[in-house]
Amino acid sequence: MSQEATQDTTRDRPVEATDRSAAPAERLLDIEGLSKSFGTVRANRDINLHVGRGEIVALLGENGAGKSTLVKQIFGLIKPDHGTITIKGDASPIKDPKDAIRRGIGMVHQHFQLVPVMTVAENMILGHETTSRGVLDIEGARQLVRELSDKHGLKVDPDVEVEDLPVGTQQRVEILKALSRRVDLLILDEPTAVLTPQETDELLTVMKELAAGGTSIVFITHKLREVLAVADRVYVLRQGGVVGEVATADTDARGLATMMVGRDVVLRVDKEEATPGDDVLSIRDLVVLDDRQLRAVDGFSLDVRAGEIVGVAGVEGNGQRELVEAIAGMRPPQSGRIDLLGKDITKANPHDTHVAGVGHIPEDRERHGLVASYSLADNLVLNRFSEKPFANGFVRDFDEVRKNAEALFTEFDIRAAGVQAMAGSLSGGNKQKVVVAREMSFRPKLLMAAQPTRGVDVGSIEFIHRRIVAARDAGAAVLLVSAELDEVLSLADRIAVIHGGKVVAEMPGKDADRTEIGRLMAGDH
Amino acid sequence: MEWLKRNQITVGAGLVILVAAYVFYAVNSNVATSMFSGAWFFAVPLVLGALTGVVGERSGVVNIGIEGQMLVAAFAAFFSAAATGSLIVGVLVGMLAGIAMGAFLALTTVKGLMDQIIAGVVINIVATGLTSFFYRPGKVLSANMPQWEVPLLSKIPLIGDVFFQSGPIALFALVSVPVVHFALFRTRWGLRTRSIGEYPSAADTAGIDVIRMRLVNVTIGGIFAGAAGAYLSMEATGGFERGMTAGRGFLALAILIFGGWRPLRVFAAALFFGFTNALASQLQGVISIPQQFITLLPYLLTLIVLAVAAGRVRAPAAVGQPFVKGEGS
Amino acid sequence: MADPRDEPSDGRPATGAVATETAPPPVVAERGAPPPPTGVLGLLVREQSIIVPIVAVIAALAIGAVLIRAQGVNPMYAYQSLFSYSFGTADGLRGTFEKMVPLILCGLAVVIPLRVGLFNIGAQGQLMSGAICAAAAAHAVREAPGFLIAIIAMVAGILGGAMWASIAGALKATRGVHEVISTIMLNSIAAGLIDYLVNGPLKDPTQSYPSSYPAPEAAQFQPLGFVPIGLPIALVLAILVAWMLRRTTLGFQFETIGRNRHAASYAGIKLGGMIVLAMAVAGGLAGLSGSIEYLEIDPYRYQDGIAGSLGFDGITIALLARSTPLGTIPAALLVGALRAGSSTLMFNTGIQPEIVDMLLAITLLLVSLPIIAKLIFRRHTAKSSALASSWGS
């Protein structure tokens with residue numbers, strides 16, 4: 001999210017901004033003094049917000065800013081502690097989603113609320129089925145899907161099971177499902193996170209058409225480009241509270257970014273020119289299957305040298321996860337070859353790759369990176385528990401484990417109650433620091449960082465970025481895989497653009513052109 | 001038409017078996033009739049027990065307590081019938097006992113958030129303790145369960161003899177299979193039930209009360225295990241013994257999985273095991289397969305099916321997972 | 001909202017596996033978890049793995065008292081006559097200890113897999129396999145010296161149980177078959193196979209009732225006073241298992257898999273191998289208990305009912321012990337005393353010995369209902385995890 005980069009996007013809007021002259025008259029949604037806490041965490045603090053008819057309002061904020069919590073309250077999924085939500089003048093509490101739906105609110109969830117093994121038609125009518133003499137009217141449901149599909153120009157086949165549909169199409173089903181009932185206010189929770197740039201543009205067009213037809217839209221995003229492209233107004237959230245409300249006409253990317261993080265964003269990382277050495281990692285014609293046995297990585301080749309950071313840029317779901325898992329030994333490749341320092345590690349398991357010198361900051365730290373109910377000390381030796389000095393043969397040495405943790409605590413500025421604190425009790429940024437500390441602590445030959453700053457606070461982002469550059473300067477080869485193009489742009493010495501499971505372009509990191517990379521990421525080459 | 005396409009395996013296999021059965025019947029009608037009757041006799045409690053499993057697991061609640069449900073129901077049915085002298089009271093109390101045990105499973109797991117597997121184990125152990133502690137020998141039923149003949153249908157050769165001349169609980173099982181199957185796949189209740197078993201949060205956002213529906217389904221679903229228990233102590237034997245279910249609840253569980261959580265296939269699977277059992281008794285002494293090997297066949301086949309068809313036999317996705325509103329995002 | 005296709009999070013310990021042994025006390029988080037309680041409540045929460053079972057046992061005895069009263073017997077007198085026999089007489093104490101041996105071992109056979117996130121319902125079948133293997137092996141080497149026969153029988157029992165449990169482990173590791181289903185099926189298969197064996201190849205022709213050959217007299221375990229030989233074996237094994245889980249790299253691997261198997265796989269732990277190993281160790285312990293039953297308990301044969309409900313009692317023991325190996329010892333002492341004293345109870349009061357099954361069932365129910373812990377500790381309790389996940393496939 002560098003300033004430069006975001007500014008570029010403002011010049012490069014894919015969709016024309018909406019006509020902002022028409023001042024919305026009727027207030028469809030009015031939120032006053034809304035607060036919600038989970039335990040000691042104040043997820044929402046005294047939020048005031050309103051939406052007019054036919055207006056598109058964006059909720060902008062980093063992960064954990066409280067955006068999802070806010071919209072879930074509007075949709076009746078969770079109940080506010082304080083404050084009122086008024087819908088079309090009716091301030092009675094929203095009892096549950098059913099109540100919200102009845103009052104004209106539709107929601108498209110970030111994780112689609114579709115039953116995977118049911119057909120599109122079945123999903124469409126779930127919860128408001130029509131029956132004739134006790135039998136489900138499936139023909140009617142099919143008809144409904146076709147009608148809606150024609151009306152909104154969103155093509156879907158009513159008889160396909162949802163799990164067989166690509167993600168973009170599943171989202172269409174979600175939107176159609178919301179629209180199948182009379183909807184005055186449509187809530188979209190991070191609708192573009194899973195979409196390609198083209199699909200995103202299509203979605204933005206649909207949103208504008210809906211708004212032109214009188215439907216109000218509240219959508220959540222952390223992408224400035226989309227906000228500026230379609231929203232009339234934007235609310236910026238930080239740490240649970242609204243920190244700014246502004247008409248998009250009156251702001252730009254820099255202004256929004258500053259509001260999001262609460263200070264001027266300086267995320268350009270200071271780093272020296274790279275001085276690459278020999279090849280450390282060498283990948284040739286790699287093919288890796290995903291969980292559905294499709295070729296997610298499909299003929300991928302790349303070299304990473306000692307002392308350089310190679311950034312893999314691409315829209316999520318283009319094989320990055322499978323690539324990383326294959327290198328780490330967590331997912332056996334179908335064909336191709338991976339060499340580390342001249343040694344074949346294609347068939348290695350995670351233990352072998354670790355021993356061979358691969359440090360791996362996994363994409364999903366909660367799932368792979370940490371054991372929440374273990375102490376930090378144990379987590380800091382999670383993949384080295386059987387090595388000396390942490391174990392003598394079969395028996396673990398708790399003294400050494402503790403000493404190791406104490407040293408890393410200081411070095412990586414981990415903020416926790418102590419080395420015996422449970423990992424699950426830490427904040428996202430500190431959890432990530434634990435993972436980073438562990439993976440850097442054994443001086444890996446290859447450091448593989450997948451989405452290293454996802455869901456991490458700004459302070460920790462800066463810290464982690466500096467440590468990655470420091471690892472490079474110490475001679476490690478670094479493979480950075482990130483869905484945040486800005487992160488790749490600011491860190492990488494060399495950029496490989498991945499699309500459809502293979503490298504479609506490679507270029508030096510310096511002077512890389514954002515627009516050009518965006519085009520390549522979309523498969524336009 | 002579409003129904004045929006979706007269920008082509010079941011229908012195809014059913015047709016093949018039917019033809020084979022009638023060929024057999026043409027060759028030796030007496031032996032065929034007695035063997036198929038034996039098969040159905042064996043299959044009735046399994047079908048009923050498995051239906052309890054279908055309703056519960058399709059709603060997202062694992063039930064390994066079918067054995068205990070059946071045992072308590074067998075106990076309750078027999079002793080209430082013996083005490084009141086009324087068969088109808090016995091059957092109804094048996095069904096109610098099944099429902100009560102279902103309610104127990106529902107309350108502990110859906111409301112109390114107890115682990116579903118542990119709850120099932122608890123049900124089995126509680127059932128054993130309860131029925132053996134309160135068991136008193138020497139009671140008898142005032143009369144045998146009646147044999148009913150369904151008009152017209154009972155005149156069909158073979159099928160009529162096997163299925164349509166039997167006791168009321170066996171007939172209840174026979175009717176329940178298509179009814180539950182139809183309800184599950186063609187009615188509003190079925191669509192919602194499948195949705196709460198597959199992806200409860202989707203159902204929740206569609207305005208369905210997941211918790212209430214699970215409570216109701218798991219409770220009411222107990223009626224089948226209750227009927228199975230009543231069948232065992234009243235219709236099949238006319239007496240209650242300690243531990244008389246003898247693993248039939250676990251066999252029902254095997255059949256539930258074997259039948260892919262679909263009532264019609266469950267019915268076919270139960271008949272298949274019933275038939276192998278009948279075949280074994282028939283062949284006793286003719287060829288030297290020990291009887292024990294036949295009794296363990298269903299368990300072995302279930303293991304093999306699960307191992308070989310892993311990924312193809314697919315349980316309801318959310319089975320076993322408690323649903324807590326507003327959690328998990 | 002969780003994606004249903006995602007594996008359920010395994011980050012939480014299994015139900016009952018609130019491992020106070022290894023888990024350090026929670027600390028104040030920067031943000032996130034509520035602050036831990038302090039003072040007396042804090043002590044209770046940290047010690048809830050002890051408090052909950054004790055409360056459950058007391059409550060079960062109270063409910064049992066109502067049942068006993070309903071039969072017209074003074075509950076105090078009933079309990080007194082039960083426990084004074086079990087603990088107060090040499091015969092009773094030996095009976096209690098004899099029962100404790102398989103109870104501890106089967107309890108451990110459930111505890112170890114629980115730590116790996118597996119629920120072993122199959123201790124019963126594993127015990128039976130162990131017993132029949134011991135009987136077969138002892139008969140095969142019946143001419144050997146007594147102590148050698150005993151050792152061979154025990155090894156055979158361990159191997160038999162381990163092998164039987166490994167089937168479930170291997171099916172889980174390679175094909176993803178849920179261990180609850182497979183162990184239930186394997187229990188029934190074991191029963192069928194053994195029924196065939198004691199009616200066929202292994203049948204002692206001198207017996208009218210289906211029965212294996214007896215253990216040669218020289219190999220039979222004679223108690224040392226009122227302490228059966230099996231007891232020190234079981235106690236040592238409980239301590240060894242506790243040490244293994246707490247201090248060794250193997251234990252760390254087991255625990256890591258149980259708490260978050262995705263992280264375990266990421267950390268280079270070989271899930272498949274560890275799952276099979278954990279099941280094999282569990283099965284070996286249950287199998288050993290089977291061979292001890294065969295060598296130690298009159299009539300020193302494999303007969304129908306040798307296993308009783310010991311394997312299933314193992315589940316009760318493990319949950320009462322809150323999945324801690326050392327906890328199985330007091331749990332087994334209690335259950336053993338109840339079982340050993342039940343016939344005296346019958347003799348003195350006419351109360352059916354099945355009252356013990358009732359008491360254990362109630363205890364199990366109370367100890368495993370999270371609501372109980374919640375009532376006592378409000379919201380400071382660990383959440384239960386889904387043992388029942390990924391059913392069938």
Side-chain angles (χ1 to χ4, degrees), chain A residues 36 38 43 68-69 71-73 75-79 95-102 105-119 121-139 141 159 161-163 174 177-178 180-181 187 189 291-293, chain B residues 1-7 54 57-60 178-214 260-262 310-319 321 323-329:
Chain A
K36 177 74 191 176
F38 297 107
S68 286
T69 307
V71 295
K72 277 182 184 163
Q73 292 172 85
F75 195 59
L77 281 165
I78 47 184
K79 294 198 170 44
K95 289 197 288 284
D96 50 28
K98 205 171 188 164
D99 192 26
I101 292 166
R102 193 180 53 75
I105 297 174
M107 180 157 172
V108 173
H109 300 260
Q110 189 178 3
H111 297 291
F112 303 144
Q113 298 300 309
L114 300 169
V115 183
V117 298
M118 290 186 183
T119 66
E122 284 178 321
N123 267 293
M124 197 62 71
I125 56 169
L126 183 65
H128 57 124
E129 307 85 354
T130 49
T131 56
S132 63
R133 275 175 292 156
V135 183
L136 269 185
D137 181 14
I138 281 294
E139 191 42 54
D159 293 318
E161 285 188 5
V162 165
E163 66 179 350
E174 272 281 80
K177 198 173 116 187
S180 70
R181 284 157 277 192
I187 301 168
D189 189 355
D291 292 335
R292 303 180 52 168
Q293 305 303 312
Chain B
M1 254 355 265
E2 235 172 279
W3 180 86
L4 266 183
K5 214 158 89 205
R6 267 205 315 276
N7 293 286
V54 167
E57 300 206 357
R58 282 285 186 174
S59 316
V179 167
V180 174
H181 195 90
F182 181 85
L184 201 52
F185 294 106
R186 302 297 292 276
T187 68
R188 172 186 307 188
W189 171 82
L191 186 74
R192 292 183 172 194
T193 294
R194 285 183 290 139
S195 78
I196 63 172
E198 285 288 346
Y199 195 1
S201 83
D204 184 44
T205 49
I208 294 165
D209 189 338
V210 176
I211 304 251
R212 207 186 71 179
M213 195 157 185
R214 282 189 173 176
W261 291 266
R262 305 173 76 89
R312 260 176 297 163
V313 213
R314 197 159 68 168
V319 87
Q321 294 163 27
F323 178 74
V324 181
K325 226 173 143 61
E327 216 186 49
S329 58

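Computation of the quantities below employed the complete heavy-atom set of this structure, encompassing side-chain atoms and omitting hydrogens, waters and symmetry-equivalent molecules. Lettering of chains follows the sequences in order, A, B, ..., and the numbering in each one begins at 1. All figures in this text were calculated on a predicted structure; none of them were measured in a lab.
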- Query: Less than 4.5 Å apart, any side-chain heavy atom of B/T205 and any of A/L77?
  - Reply: yes

- Query: When you look at CZ of A/R181, are more than 12 heavy atoms from neighbouring residues, nucleotides or ligands closer to it than 6.0 Å?
  - Reply: yes

- All side-chain contact (heavy atoms from CB on, under 4.5 Å) counterparts of A/S180, not counting sequence neighbours: A/M124, A/H128, A/L144, A/L148

- Kindly compute the distance separating CG (B/L191) from CE (A/M118), expressed to the nearest 0.5 Å. 4.5 Å

- Engaged part of A/L126 at the chain B interface, taking heavy atoms whose separation is under 4.5 Å: both

- Minimum heavy-atom distance A/P97-B/D204, with the two atoms named: CG-O, 3.6 Å

- Looking at residues at least two apart in the chain, or sitting in another chain, which of them share a side-chain contact (heavy atoms from CB on, under 4.5 Å) with A/A141? A/A121, A/I125

- Message: Only pairs of heavy atoms separated by less than 4.5 Å count here; which of A/I138, A/T130, A/I101, A/V117 has the most with chain B?
- Response: A/V117

- Message: Working to the nearest 0.5 angstrom, can you tell me the gap between B/S201 OG and A/H111 NE2?
- Response: 9.5 Å

- Taking C-beta and beyond as the side chain, do A/L136 and B/F185 meet within less than 4.5 Å on heavy atoms? no

- Query: Closest heavy-atom contact between A/Q113 and B/Y199?
  - Reply: NE2-OH, 3.5 Å

- Message: Looking at every heavy atom in both A/K98 and B/G207, which two are closest together, and how far apart are they?
- Response: CD-O, 3.3 Å

